[in-house]
Amino acid sequence: MSDTPLDSFSQLQLAEPLSRAVADMGYTAMTPIQAQAIPVVLQGRDVMGAAQTGTGKTAAFSLPLLQRMLKHENASTSPARHPVRALVLLPTRELADQVAQAVKSYAKHTNLRSAVVFGGMDMKPQTLELKKGVEILVATPGRLLDHIEAKNAVLNQVEYVVLDEADRMLDIGFLPDLQRILSYLPKQRTTLLFSATFSPEIKRLASSYLQDPVTIEVARSNATASTVEQHFYSVNADDKRRALHQVLKSRGMKQAFVFVNSKLGCARLARSLEKEGLKTTALHGDKSQDERLKALESFKKGEVDLLVCTDVAARGLDIKDVPAVFNFDVPFNAEDYVHRIGRTGRAGASGLAVSFVAGSDARLVADIEKLIKTKIELEAMEFEEDIPKIREQGRINDGRRAWGGDDPRDVLDTPRPAPRPQRHSAPRDPFFDQPYQAPAATEAPTWEASAKHATVRGISANIKPKRKVAALFKAVAPAVTA
DNA sequence: AAAAAAC
């Protein structure tokens, strides 16, 4: 190989059917991960590849694999005319679907066949395709094991394995299935791991699955794209929905991902945002696969503006031109923050990532700060509808609690009165079923009340417009962790 | 604290 780095696909001298496919897609220049990974994979080496979200990892492994499969005919004397030679594993069904489509388009001028199998869909059509024979199989782990055990998929000829979102595939929830799948594969093979995030522990674990790997790290692993503008607003849990409305309006944003930590919370939020007049759909793992694919499709087509979702949508989904990502809840894992906000600002586009931070999220925000090695400034959210009121009363403090935390009684462990039993059948969840209504001016909390709240936890009642996470954490942590 | 992945 020459010492000058390659930067265009034409320099790779890919087989004609592949360079034609690349040209069809309008690609000319390679991204850094592609420029570095493709030549290494072409040499047949194992790879652990880390690159920021949205920088073309799929092409970085698909193209050289296809190239090698074209150049090196399967020499085995297997009775199967089309044994599975390459296996690509992914942690979610939607992602498997997406990667399968990409592989298909790169392979469209070749004779290589590909198929995708994932759960939630009828086994039969997948079985038929597998029986016809495919060289490239894209799959999620559970359904693949079903097919292996039903002898629909025979993997003893596999030459290449790709674990996309590798750190997720190696985490505790997936590892048992993954190990079982790998036990069906030949020991002698090429293994490729790709992700935007690799923790040191995962790197160590990963290396036990690789033979003499080449580590490729484009930018720092765990880095967020520099084109994404990130904000963290300290918002009372009850104010998150109107904060969402306000940011969308003030930034003139139309489409956005809205991430929520639980499936139930996801369904509820989607429902109330819909009632509040936003075109919304929900994507989470309690929906049928049919509904999941439909939700994603309608978001892609722009039929809905908001995709309210759980972390099922955090990784890999490549939807063009989504301008914003909201973390309605701060994610439990800092890695997921990197992946979530990676849904915007893809392929060099600009993007906005807004996270709503409640008081009990201080630790999570500190974790994110550490992972992305970036100082996070917590910002106060000023609501437009409150500004006249604030002026009129001649105060800057609008009476909201100094940190957007849970009820202070929770923190202080004060017993609360039991909720009144409902006499009549009430809506299942009054809070989420009601559209947000601005409180009447007379109901505005007094300054005294706010000062009392604030002194209770030792934070100045005068909210500074920007506060550091560290300060917040220091103030809140003892009470929360106690 | 949850989600994801098989029926």
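Proteins come first, then strands; the chains are lettered A, B, ... in the order of their sequence lines, and each starts at number 1.
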Touch class at under 4.0 angstrom, heavy-atom based, for Arg292(A) against every strand present: sugar-phosphate
By ring-ring contact (aromatic ring centres under 6.0 Å, His included) - contacts of Phe174(A) (at least two apart): none
Distance below 4.0 Å between Arg168(A) side-chain N/O and dA4(B) OP1 or OP2: no
Atom pair distance, as rounded to whole Å: CG in Leu264(A) and P in dA3(B): 9 Å
Nearest-angstrom distance from the residue atom CZ of Phe332(A) to P of dA2(B): 6 Å
Residue-level proximity of residues 169-181 of chain A to DNA chain B when a heavy atom falls under 4.0 Å: Gly173(A), Phe174(A)
Contact list for residues 274-303 of chain A, test ring-ring contact (aromatic ring centres under 6.0 Å, His included), sequence neighbours left out: Phe257(A)-Phe299(A)
Atom-pair distance (CZ on Arg340(A); C1' on dA4(B)), nearest Å: 13 Å
Arg292(A)/Glu94(A) salt bridge by N-O under 4.0 Å criterion: yes
Test item: Lys57(A) side-chain N/O and Ala51(A) main-chain N/O as donor-acceptor pair under 3.5 Å: yes
Shortest side-chain distance from His284(A), nucleotide among dA5(B), dA2(B), dA4(B): dA4(B)
Thr310(A) side-chain N/O to dA2(B) phosphate OP1/OP2 under 4.0 Å: no
Residue pairs fulfilling side-chain hydrogen bond (donor to acceptor under 3.5 Å, both in side chains) with at least one residue in residues 128-141 of chain A, sequence neighbours excluded: His82(A)-Glu135(A)
For atom CZ of Arg93(A) and atom C1' of dA3(B), their distance in whole Å: 12 Å
Thr140(A) side chain near dA6(B) phosphate (N/O to OP1/OP2, under 4.0 Å): yes
Any residue meeting ring-ring contact (aromatic ring centres under 6.0 Å, His included) with His147(A), in chain and number order, not counting sequence neighbours: none
Length of the CG-P vector between Asp164(A) and dA5(B), whole Å: 15 Å
Distance, rounded to the nearest Å, where Asp146(A) contributes CG and dA6(B) contributes C1': 5 Å
Residues which pass side chain to side chain donor-acceptor pair (under 3.5 Å) with Asp329(A), listed by chain and number, not counting sequence neighbours: Lys240(A)
Interatomic distance where CG belongs to Asp286(A) and P belongs to dA2(B) [whole Å]: 13 Å
Sugar-phosphate, base or nothing in reach of Leu90(A), heavy atoms under 4.0 Å: nothing
Nucleotide dA6(B), atom P - distance to CD of Gln289(A) in whole Å: 9 Å
